[in-house]
Amino acid sequence: MITFMNNSDSEEEPCNERTSLMSAESPPVPSYQDGLQASEAGEAQAHRKRRTGSSRSPNNIADGDTSDSGVPVRESALENEEEELTLKYGAKHVIMLFVPVTLCMIVVVATIKSVRFYTEKNGQLIYTPFSEDTPSVGQRLLNSVLNTIIMISVIVVMTVFLVLLYKYRCYKFIHGWLILSSLMLLFLFTYIYLGEVLKTYNVAMDYPTLFLVIWNFGAVGMICIHWKGPLQLQQAYLIMISALMALVFIKYLPEWSAWVILGAISIYDLMAVLCPKGPLRMLVETAQERNEPIFPALIYSSAMMWTVGMAKPDTAARGPSQQTWDAAEDGRENHRSPLHADSQMSETRSPVPTRPITSFEELEEEERGVKLGLGDFIFYSVLVGKAAATASGALYVSGLLTISPFLFSSLWQGLCLTLLLLAVFKKALPALPISITFGLVFYFSTDNLVRPFMDTLAFHQLYI
Amino acid sequence: MPPESQEDMGQLTYAQLIFSAQAVTRTRAFFWLVSLLLASLIWFISVHLSDREDAKLQYGLLIFGAAVSVLLQEAFRFAYFKLLKKADEGLATISEDGRSPISLRQMAYVSGLSFGIISGVFSVINILADSIGPGIVGIHGDSPYYFITSAFLTMALVLLHTFWGVIFFDACEKRRYWCLGLVVASHLLTSGLTFLNPWYEASLVPIFIITLCTGLWAFVTAGGSYRNVLKCLSCKGDAGQGGVYNGEGALVLFWWVSVPF
């Protein structure tokens, strides 16, 4: 899920927003009426590449709005500058998200290509019980579809469970769940990963050293993710655990099931976030009603947030998007764990109040940040990793898939913009569907059509 | 909730235009990829419909496939130009002073560069990946200079795409169709010259000559001149090379960053 995070002053000065809204009433600037806030916000959004997942709190129209009203929309002469800002920030946000997702994909592809453990078939998750070692194609297809159905239903059940927990305010349970899952991820999966990498490169390591390394890595990770830590370190940890999770998926999901699951997940993402009774949307709305950010999300954020005033719309805005992603993540996470169904992926969200204190100064510099749910990281990486893992996976196929989500996300945003403009409220939008769809389409077409062509050309050293 | 007023609609269209412009600019590389996809589809079909055993026929089909791919690339470059022009005009009408914020010259350069980069990436990345692994180049009697010549060829191709982009857009703007034809012809010629590999003297040298000439032509087309170069070198004023980029330094910088897309 993509949300747009904005370090606006809205929380601190709600009246500023009002005044800015009011002063914008002079022509030729479009006058600010209540109904127009949406289009104004939409226009503000036009300046951002990502949609905002802001809440419907009365003080805040959209995260994007408020700071954007600071942008001289009022003056027609300044529109050019504004357009430049639009294009400038649009590009900036692509970069801000492009780098971490690419890093994650690079880690996954590099591991897949070098460590053979992750391409060996060592059993399957209990969530995909049907084996694909069947003689006939039809049977195999049927099995993969059944696997997908089971997996998706488990995800749905877990998400609904999470929504219920949230509705009935079982916060402790949820927190414990998250901490357990992040513990498992940071310690156990890292241990396995490190072991396999050492095996591949035939490097000997004694247990005390191993213990020291893993302990430090895990402890610092827990602190960074759940509590306070430098922004870059937190981002690095989030990238690492996304990569670990993606690797687990790549290893334990059988071939065809993985592709079908990817497709099904994007459809599910679309429905869960946009349908009125979708669990994720209900989560978002509940959070909005309560005006609180419940789950410090496992959301990758490129800039720290203005969470100083805690009860401010900003955090509330952050909350829903996080939750939305969160619930999906939680849901998916459960299946991912091959060992224990209970542990959640480290969807650790640091308790919101603690974060701002460390990052107060940084907020001044960061103007607008973007957030992307870690589930998106993971599934993009699974897509790319699977492409790299298949025997015929040429490198440029993986490279192509790396770029494709970003290229197509812009199309997606273009499509969504009209929706957004016509909507009164802004909401978080699913990032998966279009990107994964195009990724899949391009993967299969490139693998079967382009690759033989390019290989033949390269064999004769021909250039086109 | 539908837009409530005329200004509402204006904002809507404005925002839509900004977004479509962004969408257009961000999908540059995919135009090339789609052209490649179509060309490989055509080649694939033709190969499957023909006799697999006949090596000469297969080679001929390969040449045919390469030619089709070149033509499709140019066609998609033209399509991209049309799309950009539309977005440009739209933005110009919406903006207050009738001037669109995107400079077509810059877009020409950037689109050429992105075509070049993605084409180069596709050509060379598998070779690069293979060059890591253990092996001996040319052990079966092929040329031992395979890697280095591939590198040089890719570089030439990337530069050529950039220059062609500039010339192409300018030719379309000024409706000089002979320029267009010349660009397509030189692309076909370059691709054809690579068929002379591994006779590298006959292929590499002419290709580099073509690159130089096209570079000079693009430089002149973009408005450059000897004086400009001197001015640039002596750091006077903000005359960039051939006027490809103007004084909007920040905009230029970020276009550079967003270039590969």
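A note on names: the letters A, B, ... follow the listed sequences, proteins ahead of strands, and every chain is numbered from 1.
Both the backbone and the side chain of B:Leu37 come within contact range of chain A, each with at least one heavy atom under 4.5 Å from a heavy atom of that chain. For chain A, the nearby parts of B:Ser150 are the backbone and the side chain; heavy atoms of each come within less than 4.5 Å. For B:Ser143, no part sits under 4.5 Å from any heavy atom of chain A, backbone or side chain. For chain A, the nearby parts of B:Thr149 are the backbone and the side chain; heavy atoms of each come within less than 4.5 Å. Heavy atoms of B:Gln73 lying under 4.5 Å from chain A belong exclusively to its side chain.
The candidate with the highest count of non-hydrogen atom pairs below 4.5 Å against chain B, out of A:Leu457, A:Thr456, A:Leu449, is A:Leu449. By number of non-hydrogen pairs under 4.5 angstrom with chain A, the leading residue of B:Val47, B:Val70, B:Leu36 is B:Leu36.
For A:His460 and B:Phe195, the ring centers sit 6.0 Å or farther from each other. Two rings, from B:Trp32 and B:Tyr80, have their centers 6.0 Å or more apart.
Within 6.0 Å of the CZ atom in A:Phe444, the count of heavy atoms belonging to other residues, nucleotides or ligands exceeds 12. More than 12 heavy atoms of other residues, nucleotides or ligands sit less than 6.0 Å from atom OH of B:Tyr59.
Aromatic ring orientation, B:His161 versus B:Trp164: perpendicular (interplanar angle above 60°, classes split at 30° and 60°).
A salt bridge does not link B:Glu89 with B:Lys86: none of the charged nitrogens is closer than 4.0 Å to a carboxylate oxygen.
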